[in-house]
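Order of listing sets the numbers, starting from 1, for every ligand and every atom in it. This is a predicted model, so every value here is computed, not measured.
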Amino acid sequence: MSRKRVVAAAQMGPIARSESREQVVRRLLALLAEAKGKGVEFITFPELALTTFFPRWMMEDEAELDSFYEGKLPGPAAAPLFEAAKAAGIGFYLGYAERFVEAGRVRRFNAAITVAPSGEIVGKYRKVHLPGHAEPQPDRAFQHLEKRYFEPGDLGFPVFEALGGRVGMLICNDRRWPEAYRVMGLQDVELVCLGYNTPLDHAGHEPINVLTGFHNALSMQAGAYQNASWVIGTAKCGREEGSLMLADSMIIAPSGEIVAKATTMEDELVTATIDLDMGRPYKETFFDFARHREPASYRLLTERKGAGDMLPPVRGAGID
Ligand code: CDV
């Protein structure tokens, strides 16, 4: 039976700080309606898709900070999106800021869920790689306080059944880390969905900043190819509260090729028909992990966090 699916990256232009959840959800509903007209079965919305990208500001007032987070989804504001998607028979990935209280402690995560066409939440992910800082940086035009406002995700990189295949999720900065894709590749993932907010001035070094678009494509194309999986990367982009963010939402095949890409910095639906079986020949040849991987040689990957001393030479290698 064919496993061809019509999917979309629902790119969003900027969300103003003053925009209400209801206004944002109306934009998401417009993208959903367009998707329905195009026969789309699954949509990937951006990271933190319900509000402006609030980690750019230092907030000391807890109530102000909390106003950017969601409790259990769908709350009243997001409910119309869940209902419309269910009525249209469309599944989706949605990034949001998650807040809850556990054993008297406030927990905050940069999270994403995958919702099946039935309306059921079938997958949940919490961003593992948090960029930026925990304290405001004096010389930055825009802060990036994800390390202050979120805990590192505690769910690993789960893969689950959706769309008649195996689906996993990442969030923004995760896409730059090969380990993230590989953990899902080892679960035979067939589609990785991810949303991002990528300010174009983040590195603070112009020669790096000008390569932001290249590095975005490079990391997602490598993740797709090396794990023989489709990748859908969806931006929130444009000039948001003064901060210019990358667009370039794209859909990437297991070959590493970009099959569809955004052409604007606004709300835009990018669609493609993807064959979930396309990764199979790669998984049976170059990337037959069971035949070709050598985990004993990769021990440092889980034993070390930062780069450190060189390993001692192996005795008997013929150079002693
Ligand atoms: N939201 C993000 O995780 N953004 C990061 C950087 C640029 C801060 C990213 O990797 O795109």
Side-chain angles (χ1 to χ4, degrees), residues 9-15 17 44-59 65 68-70 93-98 108-112 125-137 139-153 155 157 168-181 192-224 231-250 252 261-262 265:
Q11 176 173 285
M12 298 184 76
I15 299 179
R17 187 169 183 167
T44 300
F45 291 114
E47 172 191 34
L48 301 175
L50 298 174
T51 67
T52 196
F53 189 74
F54 63 92
R56 72 169 65 90
W57 297 296
M58 174 67 188
M59 282 176 264
L65 178 63
F68 292 98
Y69 290 78
E70 317 298 317
Y93 161 114
L94 182 74
Y96 68 105
E98 177 189 27
R108 292 189 168 92
F109 294 97
N110 187 339
Y125 172 67
R126 291 176 176 149
K127 186 175 183 177
V128 167
H129 300 100
L130 297 175
H133 312 96
E135 296 300 330
Q137 303 297 295
D139 297 326
R140 294 187 70 89
F142 299 98
Q143 300 297 329
H144 199 106
L145 296 169
E146 286 200 58
K147 286 196 190 295
R148 184 181 193 92
Y149 297 148
F150 303 115
E151 292 176 51
L155 303 176
F157 297 99
M169 294 182 276
L170 295 176
I171 301 178
C172 195
N173 191 262
D174 288 320
R175 73 195 186 287
R176 304 181 194 273
W177 298 92
E179 299 89 337
Y181 299 93
V192 175
C193 305
L194 67 94
Y196 57 90
N197 285 265
T198 298
L200 290 168
D201 64 348
H202 183 76
H205 298 277
E206 281 188 6
I208 300 180
N209 288 341
V210 295
L211 296 176
T212 302
F214 168 64
H215 292 151
N216 175 53
L218 178 70
S219 47
M220 293 195 293
Q221 290 182 262
V231 172
I232 305 176
T234 306
K236 175 147 68 59
C237 60
R239 194 169 289 283
E240 189 178 87
E241 299 294 350
S243 168
L244 191 59
M245 301 197 296
L246 180 72
D248 287 6
S249 300
M250 59 181 81
I252 301 159
K261 186 173 170 190
M265 298 185 84

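Taking the six-membered ring where tryptophan is involved, the planes of Phe157 and His129 are essentially parallel, since the angle between them stays under 30° and well short of 60°.
The shortest distance between side-chain heavy atoms of Glu151 and Arg108 does not fall below 4.5 Å.
By the side chain to side chain contact (heavy atoms under 4.5 Å, CB included) test, Gln143 is found to be paired with Pro136, Gln137, Arg140, Leu145, residues two or more places apart in sequence or in another chain being considered.
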Between side-chain atoms of residues 243-250 and protein atoms elsewhere (two or more places apart, or another chain), which donor-acceptor pairs fall under 3.5 Å?
unit_1: Ser249; atom_1: OG; unit_2: Gln11; atom_2: OE1; d: 2.7
unit_1: Ser249; atom_1: OG; unit_2: Ala235; atom_2: N; d: 2.9

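Taking the ring centroids of Phe45 and Tyr96, they lie at or beyond the 6.0 Å cut-off.
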Using a 3.5 Å cut-off on N/O to N/O, what pairs does ligand 1 make with the protein? A line per pair would be great.
unit_1: ligand 1; atom_1: 1 (N); unit_2: Glu47; atom_2: OE1; d: 3.0
unit_1: ligand 1; atom_1: 1 (N); unit_2: Glu47; atom_2: OE2; d: 3.4
unit_1: ligand 1; atom_1: 1 (N); unit_2: Glu146; atom_2: OE2; d: 3.1
unit_1: ligand 1; atom_1: 1 (N); unit_2: Asn197; atom_2: O; d: 3.0
unit_1: ligand 1; atom_1: 3 (O); unit_2: Lys127; atom_2: NZ; d: 2.7
unit_1: ligand 1; atom_1: 3 (O); unit_2: Glu146; atom_2: OE2; d: 3.3
unit_1: ligand 1; atom_1: 3 (O); unit_2: Asn173; atom_2: N; d: 3.3
unit_1: ligand 1; atom_1: 4 (N); unit_2: Asn197; atom_2: O; d: 3.1
unit_1: ligand 1; atom_1: 10 (O); unit_2: Asn173; atom_2: ND2; d: 2.8
unit_1: ligand 1; atom_1: 10 (O); unit_2: Arg176; atom_2: NE; d: 2.6
unit_1: ligand 1; atom_1: 10 (O); unit_2: Arg176; atom_2: NH2; d: 3.2
unit_1: ligand 1; atom_1: 11 (O); unit_2: Arg175; atom_2: NH1; d: 3.3
unit_1: ligand 1; atom_1: 11 (O); unit_2: Arg176; atom_2: NH2; d: 3.0
unit_1: ligand 1; atom_1: 11 (O); unit_2: Thr198; atom_2: OG1; d: 2.7

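Under the salt bridge (Lys or Arg N to Asp or Glu O under 4.0 Å) criterion, the residue pairs touching residues 45-56 are Glu47-Lys127, Arg56-Glu240, with sequence neighbours excluded.
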